[in-house]
Amino acid sequence: VQLQASGGGLVQAGDSLRLSCAVSGRTFANYVTAWFRQAPGKERVLVARIGRGWGRIDYAETVKGRFNISRDDSNNAVYLQMNNLKPEDTAVYYCAYAPRLYTWETYKLKDVYDYWGQGTQVTVSS
């Protein structure tokens, strides 16, 4: 499985960006795809996740109401629409793929994601 993230850039506070993650290779029926982000000097944290087989979606509290994760199964792609961006959203954003079956709660942990994209930089100026 390979993941290719794109769509990052430099924007001003209040602007929007849409990140894309193309998934290729062998995929599984009930995988979960997620977006994580890592700011300089900080840990990589979960931003949003979407389960294919379950149709479940979840967001970090810091992005609820501003970000929207979606998927296009026909194109094996996952998107992250980011609205009303804030300087604190500045980070490298990674898409990740978990092919193994766990409880929904377990998918909050980055260790269960076996495959990662290369990351795309999002910088929000004030």
Side-chain angles (χ1 to χ4, degrees):
V1 178
Q2 295 83 41
L3 286 77
Q4 181 72 37
S6 61
L10 172 63
V11 297
Q12 293 186 333
D15 286 350
S16 298
L17 275 177
R18 188 192 194 208
L19 305 184
S20 299
C21 179
V23 182
S24 60
R26 183 184 178 187
T27 56
F28 299 83
N30 292 307
Y31 61 83
V32 171
T33 309
W35 287 96
F36 287 77
R37 69 185 182 187
Q38 188 167 17
K42 295 189 177 181
E43 291 189 357
R44 191 172 299 188
V45 296
L46 179 66
V47 175
R49 52 192 172 131
I50 184 167
R52 182 173 188 263
W54 306 323
R56 295 187 67 171
I57 291 175
D58 192 30
Y59 298 95
E61 287 296 325
T62 53
V63 306
K64 276 184 180 178
R66 300 188 297 122
F67 289 14
N68 180 55
I69 189 171
S70 61
R71 66 170 189 259
D72 181 349
D73 293 337
S74 62
N75 289 315
N76 286 331
V78 177
Y79 307 100
L80 186 67
Q81 177 67 41
M82 306 186 294
N83 300 320
N84 190 22
L85 283 160
K86 303 177 180 181
E88 51 264 42
D89 294 319
T90 295
V92 177
Y93 284 70
Y94 299 89
C95 57
Y97 178 91
R100 290 180 285 179
L101 190 62
Y102 300 100
T103 64
W104 181 243
E105 280 298 299
T106 305
Y107 290 107
K108 290 182 178 179
L109 306 174
K110 58 180 179 293
D111 290 344
V112 307
Y113 293 87
D114 295 331
Y115 303 95
W116 293 81
Q118 83 286 6
T120 184
Q121 176 71 46
V122 172
T123 303
V124 185
S125 64
S126 57

### Query
With no hydrogens and no angle check, is any side-chain donor or acceptor of Thr90 less than 3.5 Å from a backbone partner on Val124?
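Here the side-chain-to-backbone pair exists.
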
### Query
Counting distance only, does the side-chain N/O of Asp72 pair as donor-acceptor with the main-chain N or O of Ser74 below 3.5 Å?
yes

Measure across [X] and [Y] and return the closest heavy-atom pair with its distance rounded to 0.1 Å.
X	Y	result
Leu46	Ala34	CD1-CB, 3.8 Å
Val47	Val63	O-CG2, 3.6 Å
Ala98	Tyr107	CB-CE2, 3.7 Å
Arg66	Asn84	NH1-O, 3.0 Å
Cys21	Leu3	SG-CD2, 3.7 Å
Ala13	Pro87	CB-CD, 4.1 Å

Going only through I, L, V, M, F, W and Y residues with side-chain contacts under 4.5 Å, is there a path from [X] to [Y]?
X	Y	result
Val11	Leu80	yes
Trp104	Ile57	no
Leu10	Val92	no
Val45	Leu109	no

Between [atom1] of [X] and [atom2] of [Y], what distance do you get to the nearest 0.5 Å?
X	Y	atom1	atom2	value
Gln118	Tyr94	CD	OH	9.0 Å
Met82	Arg18	CE	CZ	11.5 Å
Lys110	Trp116	NZ	CH2	7.5 Å
Gln81	Ser16	CD	OG	5.5 Å
Lys86	Asp15	NZ	CG	14.0 Å
Ile69	Tyr79	CD1	OH	12.0 Å

### Query
Going by atom types only, do Gln12 and Ser125 share a side-chain donor-acceptor pair under 3.5 Å?
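Distance-only check fails for Gln12 and Ser125.
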
### Message
Among Tyr97, Phe36, Tyr102, Trp35, which residue satisfies the ring-ring contact (aromatic ring centres under 6.0 Å, His included) criterion with Tyr113?
### Response
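The single option meeting the ring-ring contact (aromatic ring centres under 6.0 Å, His included) with Tyr113 is Phe36.
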
### N-O pairing of Arg71 and Asp73 below 4.0 Å
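Looking at Asp73 together with Arg71, the answer is yes, because their closest N to O distance falls below 4.0 Å.
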
### Query
Hey, are Asp89 and Arg37 close enough for a salt bridge, meaning a charged N less than 4.0 Å from a carboxylate O?
yes

### Message
Less than 4.5 Å apart, side chain to side chain, heavy atoms only: is that true for Thr106 and Lys108?
### Response
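They are not in contact (no side-chain heavy atoms under 4.5 Å apart), so the answer is no.
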
### Query
Would you say Gln4 and Val23 make side-chain contact, with heavy atoms under 4.5 Å?
no

### Task
Determine, step by step, whether Ile50 and Val32 satisfy the side chain to side chain contact (heavy atoms under 4.5 Å, CB included) criterion, reporting the C-alpha distance in whole Å, the side-chain angles of both residues, the deciding distance to 0.1 Å, and the verdict.
CA-CA 6 Å; Ile50 184 167; Val32 171; over 6 Å; no

### Query
Should the ring pair Phe67 and Tyr93 be called parallel, tilted or perpendicular, given that the plane angle runs from 0 to 90° and is split at 30 and 60?
tilted

